[in-house]
Participant: 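Shown below is the structure under consideration.
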Amino acid sequence: RPYAVTSALRAYHQLVTVIGRTLDGSANDPWLKRLGAIRTRASELLTKELEPLLYLIKRSISVMEGRNGNEIVPDRSSVEEAVFGVTLLMLARETRESLALNALIEKLARGIEAALESQGKQAIDRLSTATDANWDAALARSEAAVKRFGIYFCGTYGASMSRRHAANVEARALDEAS
């Protein structure tokens, strides 16, 4: 489904470009103005969705302690919302020439990379030292980080973070079995 959105945005951008050339770049053509307005509106809507993304990611992989000192399990809906946001960001990166989002995309990409490299890795690594009381929260944060690594970095790096998470879970299971 994300690829369908990417393909549609690219096709739309190409269509607007071809129509503009066909009409000799006539800036006064009402139809061309309308197509440009649609592209601008798509950019505005995507910007509105992407702006809170970095906050959502940090909130779902950061350690939060409750009143009793135990860690709080990240809210499942905010975890899923952040996963959707990262997917949307990756689509926006693919179609940035079609939309007016370059500055926002670059800023978000740098912020997300930094958050995953620090807090994401930390969430995965903390799983190996989680206490029984904090296991559920640590597991949820680590799973959230692994999902984002998989979407954002893909390939080998995303897979290595997934293996790192799985190794920590397996080590915990072996300790409990002993």
Side-chain angles (χ1 to χ4, degrees), residues 1-6 9 43-96 99 101-178:
R1 187 170 167 193
Y3 297 108
V5 173
T6 303
L9 286 171
S43 297
E44 289 168 358
L45 291 172
L46 200 49
T47 298
K48 185 177 177 182
E49 290 296 318
L50 292 174
E51 283 178 338
L53 180 59
L54 187 56
Y55 169 75
L56 286 172
I57 288 172
K58 286 181 177 182
R59 190 177 76 192
S60 67
I61 59 177
S62 296
V63 175
M64 292 183 284
E65 289 188 15
R67 291 184 185 154
N68 59 1
N70 290 339
E71 295 176 12
I72 299 171
V73 177
D75 177 21
R76 182 53 98 196
S77 64
S78 66
V79 169
E80 292 304 318
E81 188 177 357
V83 167
F84 173 75
V86 173
T87 304
L88 200 56
L89 174 67
M90 300 314 288
L91 289 172
R93 285 178 87 177
E94 288 294 315
T95 59
R96 69 175 145 215
L99 303 166
L101 295 169
N102 285 336
L104 174 66
I105 288 171
E106 292 307 315
K107 178 182 170 190
L108 271 174
R110 283 190 305 273
I112 289 170
E113 244 174 78
L116 287 175
E117 287 291 340
S118 61
Q119 292 171 309
K121 280 183 180 176
Q122 192 175 53
I124 293 168
D125 291 341
R126 281 182 60 115
L127 191 57
S128 65
T129 60
T131 63
D132 290 341
N134 294 325
W135 174 254
D136 290 339
L139 181 63
R141 275 194 313 279
S142 182
E143 288 172 345
V146 166
K147 281 183 183 178
R148 297 210 188 79
F149 269 106
I151 294 169
Y152 190 84
F153 290 108
C154 306
T156 307
Y157 193 46
S160 71
M161 289 297 118
S162 180
R163 284 191 300 276
R164 197 171 181 170
H165 166 81
N168 287 333
V169 171
E170 186 178 335
R172 170 74 175 218
L174 290 174
D175 283 347
E176 287 178 355
S178 301

Participant: Is a donor on one side and an acceptor on the other found under 3.5 Å between the side chain of Ser162 and the backbone of Gly158?
Facilitator: no

Participant: Rounded to the nearest 0.5 Å, what separation is found between the CG atom of Leu127 and the CG atom of Asn134?
Facilitator: 11.5 Å

Participant: Which pairs count as salt bridge (Lys or Arg N to Asp or Glu O under 4.0 Å) when at least one residue sits in residues 144-154, sequence neighbours excluded?
Facilitator: Glu80-Lys147

Participant: Does the Ser60 side chain pair with the main chain of Leu56, one donor and one acceptor, at a distance under 3.5 Å?
Facilitator: yes

Participant: Could you tell me which residues satisfy side-chain hydrogen bond (donor to acceptor under 3.5 Å, both in side chains) with Ser62, sequence neighbours excluded, listed by chain and number?
Facilitator: Gln119

Participant: Taking all non-hydrogen atoms of both residues, which atom of Ile61 and which atom of Ala123 are closest, and how far apart?
Facilitator: O-CB, 3.9 Å

Participant: Check side-chain contact (heavy atoms from CB on, under 4.5 Å) between Thr129 and all other residues, then give those that pass, not counting sequence neighbours.
Facilitator: none

Participant: How long is the span from the CZ atom in Arg141 to the CD atom in Glu71, to the nearest 0.5 Å?
Facilitator: 4.0 Å

Participant: Among residues at least two apart in sequence or on other chains, which ones pass salt bridge (charged side-chain N to carboxylate O under 4.0 Å, His left out) with Glu81?
Facilitator: none

Participant: Rounded to the nearest 0.5 Å, how far apart are CG of Leu53 and CG of Leu108?
Facilitator: 5.5 Å

Participant: Taking side-chain hydrogen bond (donor to acceptor under 3.5 Å, both in side chains) as the definition, give me every residue that meets it alongside Glu113, ordered by chain and number, with sequence neighbours left out.
Facilitator: Tyr152

Participant: Please enumerate all residues that pass side-chain hydrogen bond (donor to acceptor under 3.5 Å, both in side chains) together with Ser77, with sequence neighbours excluded.
Facilitator: Asp75

Participant: Applying side-chain hydrogen bond (donor to acceptor under 3.5 Å, both in side chains), name anything that partners Asp175, two or more places apart in sequence or on another chain.
Facilitator: none

Participant: Mind checking side-chain contact (heavy atoms from CB on, under 4.5 Å) for Ala166 and listing every partner two or more places apart, or none if nothing turns up?
Facilitator: none

Participant: Measuring from Ile105:CD1 to Leu50:CG, what's the distance to the nearest 0.5 Å?
Facilitator: 7.0 Å

Participant: Quick one: pull up CZ in Arg59 and CG in Leu54 and give me the separation to the nearest 0.5 Å.
Facilitator: 12.5 Å

Participant: Mind checking what makes salt bridge (charged side-chain N to carboxylate O under 4.0 Å, His left out) contact with Glu117, not counting sequence neighbours?
Facilitator: Lys121

Participant: State which residues pass side-chain contact (heavy atoms from CB on, under 4.5 Å) with Glu51; sequence neighbours excluded, sorted by chain then number.
Facilitator: Thr47, Leu104

Participant: Please check this pair: side chain of Asp136 against backbone of Val73, looking for a donor-acceptor N/O pair closer than 3.5 Å.
Facilitator: no

Participant: Can you run down the ring pair (Phe, Tyr, Trp, His ring centres under 6.0 Å) pairs that involve residues 154-178, sequence neighbours left out, and say none if there aren't any?
Facilitator: Phe149-Tyr157, Phe153-Tyr157

Participant: Any side-chain heavy-atom pair from Asn168 and Arg172 closer than 4.5 angstrom?
Facilitator: no

Participant: If you round to the nearest 0.5 Å, how far is NZ of Lys58 from CD1 of Ile112?
Facilitator: 10.0 Å

Participant: Does any pair with a residue in residues 157-170 pass salt bridge (Lys or Arg N to Asp or Glu O under 4.0 Å), and if so which ones, sequence neighbours excluded?
Facilitator: Asp125-Arg164

